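Because the structure is predicted, anything quoted here is derived from the model rather than measured. Both ligands and their constituent atoms are indexed starting at 1 by order of listing.
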Amino acid sequence: CKIVILISGSGSNLQAFIDAAAKGELPASIAAVISNRPLAKGLDRAREAGIATAALDHTTFESRDAFDAALLELIDGYQPDLVILAGFMRILGADFVRHFRGRMLNIHPSLLPKYPGLNTHQRAIDAGDAEAGATVHFVTEELDGGPPVIHARVPVEPGDTAELLASRVLEQEHRIYPLAAQWFAQGRLVLNGNRAEFDGKAL
Ligand code: GRF
């Protein structure tokens, strides 16, 4: 199973994939790491791991569609079985998403369907939620709305700041994301219509 990972920032989720592969917990190879920001720290992590990197600076494209088309071509060049969005902070258009339907996952730092979009931790704190977390989901045309694969829950502690809660959630992200990719690589996780299925059972 060949994976291409898309990043925009620190790449801590990328690092979790690199570490899982090194421990033999990921029956897949990371063919390339692609960032829309040429200076993303995650690119350094890929280089240190000897993984091919590419940067496609979205600010150098005339339009969102032009960027999406170039990114699609770049990814197809690696012929991946699975595309992993890991802290990738671009909204991808319907054509792009359709092209990778059923073989593109994202991780979102909330218990979807609660809090799609940004500032998820502060929103959970402001709402007085007792729990927060992260969700791995298949990517569909609906932003942060694709069929969930794995949820990870953490308690919101009294006096939590968004930063504190984010670090507690990130720890869980680094556990569930490589696990979801492992299931996909093992052929146990599929997108069937608009439902994710694990071992043939709806999730
Ligand atoms: C994480 O909160 C992740 O849930 C979101 O982007 C943030 C940064 O991820 N998608 P990373 O450290 O760059 O992997």
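Inspection of the H174 and D19 side chains reveals no N or O donor paired with an N or O acceptor under 3.5 Å. In the model, S63 has no side-chain atom that pairs as donor or acceptor with a side-chain atom of D65 under 3.5 Å.
The ligand atoms of ligand 1 that sit less than 4.0 angstrom from a heavy atom of P109 are 2 (O), 4 (O).
Atom CG of residue L72 and atom NE2 of residue H99 lie 4.0 Å apart, to the nearest 0.5 angstrom.
Using bins of under 30°, 30° to 60° and over 60° for the plane-to-plane angle, the ring pair F67/H58 lands in the perpendicular bin.
A side-chain contact (heavy atoms from CB on, under 4.5 Å) with I5 is found for exactly one of I84, N13, T53, namely I84.
Looking at ligand 1, you'll find an N or O of S10 within less than 3.5 Å of one of its N or O atoms.
Among protein heavy atoms, atom 12 (O) of ligand 1 sits closest to S12 OG, 2.6 Å. Summary of contacts: the protein heavy atom closest to atom 14 (O) of ligand 1 is N13 N, 2.8 Å. Nearest protein neighbour of atom 1 (C) of ligand 1, counting heavy atoms only, is E173 OE1, 3.4 Å.
Ligand 1 has I107 within reach: a non-hydrogen atom of the residue lies less than 4.0 Å from it.
Considering only non-hydrogen atoms, atom 5 (C) of ligand 1 lies nearest to G87 out of G11, G87, A16, G42.
The environment of CZ in R195 is sparse: at most 12 heavy-atom neighbours from other residues, nucleotides or ligands sit within 6.0 Å.
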